[in-house]
Amino acid sequence: MVQSKDLRAVAEAFLYPEDPSFLGIVSYLTHLARSLGLNLNGDFQVKDLEELKVEYTRLFVTSPYRTPAPPYASVYLSSDRRLKGEGYDQALAFYREAGLEPVEEGELADHVAYELSFMALLLEEGRLDLLERFLSEHFLLWYPRFLVALKQADPQPFYRALGDLVLAITNRLREEVSHEKTRFS
């Protein structure tokens with residue numbers, strides 16, 4: 001069963017790897033992947049944190065010609081692939097429905113890490129209806145497109161494995177939430 005701490009772990013892994021404490025998440029991700037039946041065992045190993053920082057920047061922040069895999073819903077849900085487009089507005093609407101008003105410092109509210117953290121919060125609060133709608137009407141509409149862009153960028157194994165793990169965990173979560181709703185209705 002997917003737990004909120006699982007969602008928080010993958011959310012943290014999708015943030016910039018600031019310091020060596022980031023490496024503490026590696027064993028958790030490996031265990032989580034194994035529990036979901038994914039064979040990603042050595043892929044989460046990070047040999048050099050500086051290389052991971054460079055890779056994060058190349059994939060998600062900037063590169064000389066374009067950002068290969070922007071981690072924002074609005075890029076994949078907007079017809080013109082712009083930041084703060086329809087996907088951004090959708091994310092904000094879901095946050096507000098949950099009674100939250102995002103304070104943007106650093107990343108935009110539709111960043112993959114923030115959306116995963118939002119799902120963790122909904123799970124903790126038992127707000128399964130809203131979680132199911134967020135998954136089916138928002139997150140799982142854009143995330144697979146992001147994952148394709150990520151894989152086309154030929155990422156280091158860590159980010160390829162993380163991308164696959166997030167898709168597996170969110171698909172599993174959608175199944176579990178749907179099952180729970182059916183059971184109690």
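Here the structure is a predicted model, which is why all the values come from computation and not from measurement. Throughout, residue positions are numbered sequentially from 1 according to the sequence presented.
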- Task: Look at the side chain of E176 and the backbone N and O of V2, then say whether any donor-acceptor pair between them is shorter than 3.5 Å.
- Result: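 Judged by distance alone, yes, a pair lies under 3.5 Å.
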- Check: Y72 side chain, E107 main-chain N or O, donor-acceptor pair, under 3.5 Å: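 Checking the backbone N and O of E107 against the side chain of Y72, no donor-acceptor pair under 3.5 Å is found.
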- Task: Test side chain to side chain contact (heavy atoms under 4.5 Å, CB included) on T57 and Y16 and set out the steps.
- Result: CA-CA 8 Å; T57 301; Y16 184 76; 3.8 Å; yes
- Message: Could you tell me if the side chain of Q3 sits less than 4.5 Å from the side chain of I169, heavy atoms only?
- Response: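 No, their side chains stay 4.5 Å or more apart.
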- Message: Is the shortest side-chain heavy-atom distance between E50 and K53 below 4.5 Å?
- Response: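 When only atoms from C-beta onward are counted, K53 and E50 do touch, with a gap below 4.5 Å.
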Let me have the donor-acceptor pairs involving side chains of residues 19-29, under 3.5 Å, with sequence neighbours excluded, atom names and distances please.
residue, atom, partner, partner atom, Å
D19, OD1, S21, N, 2.9
D19, OD1, S21, OG, 2.3
Y28, OH, D6, OD1, 2.4

- Message: Taking the ring of Y95 and the ring of F118, is the distance between their centroids below 6.0 Å?
- Response: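 When the ring centroids of F118 and Y95 are compared, they turn out to be within the sub-6.0 Å range.
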Determine all donor-acceptor pairs shorter than 3.5 Å in which one atom belongs to a side chain in residues 146-167; sequence neighbours excluded.
residue, atom, partner, partner atom, Å
K151, NZ, D164, OD1, 2.6

- Side chains of Q90 and W142: donor-acceptor distance under 3.5 Å anywhere?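 Per modelled atom types, Q90 and W142 side chains form no pair under 3.5 Å.
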- Query: Is the shortest distance from a Lys or Arg side-chain nitrogen in R96 or E101 to a carboxylate oxygen in the other one below 4.0 Å?
  - Reply: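 Yes, charged N to carboxylate O under 4.0 Å.
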- Query: Going by the angle between their ring planes, with limits at 30° and 60°, are F134 and F94 parallel, tilted or perpendicular?
  - Reply: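 Taking F94 first and then F134, their aromatic rings stand perpendicular (interplane angle over 60°).
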- Message: With rounding to the nearest 0.5 angstrom, report the NZ to CG distance, K84 to D110.
- Response: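 Spacing of NZ (K84) from CG (D110) equals 9.0 Å.
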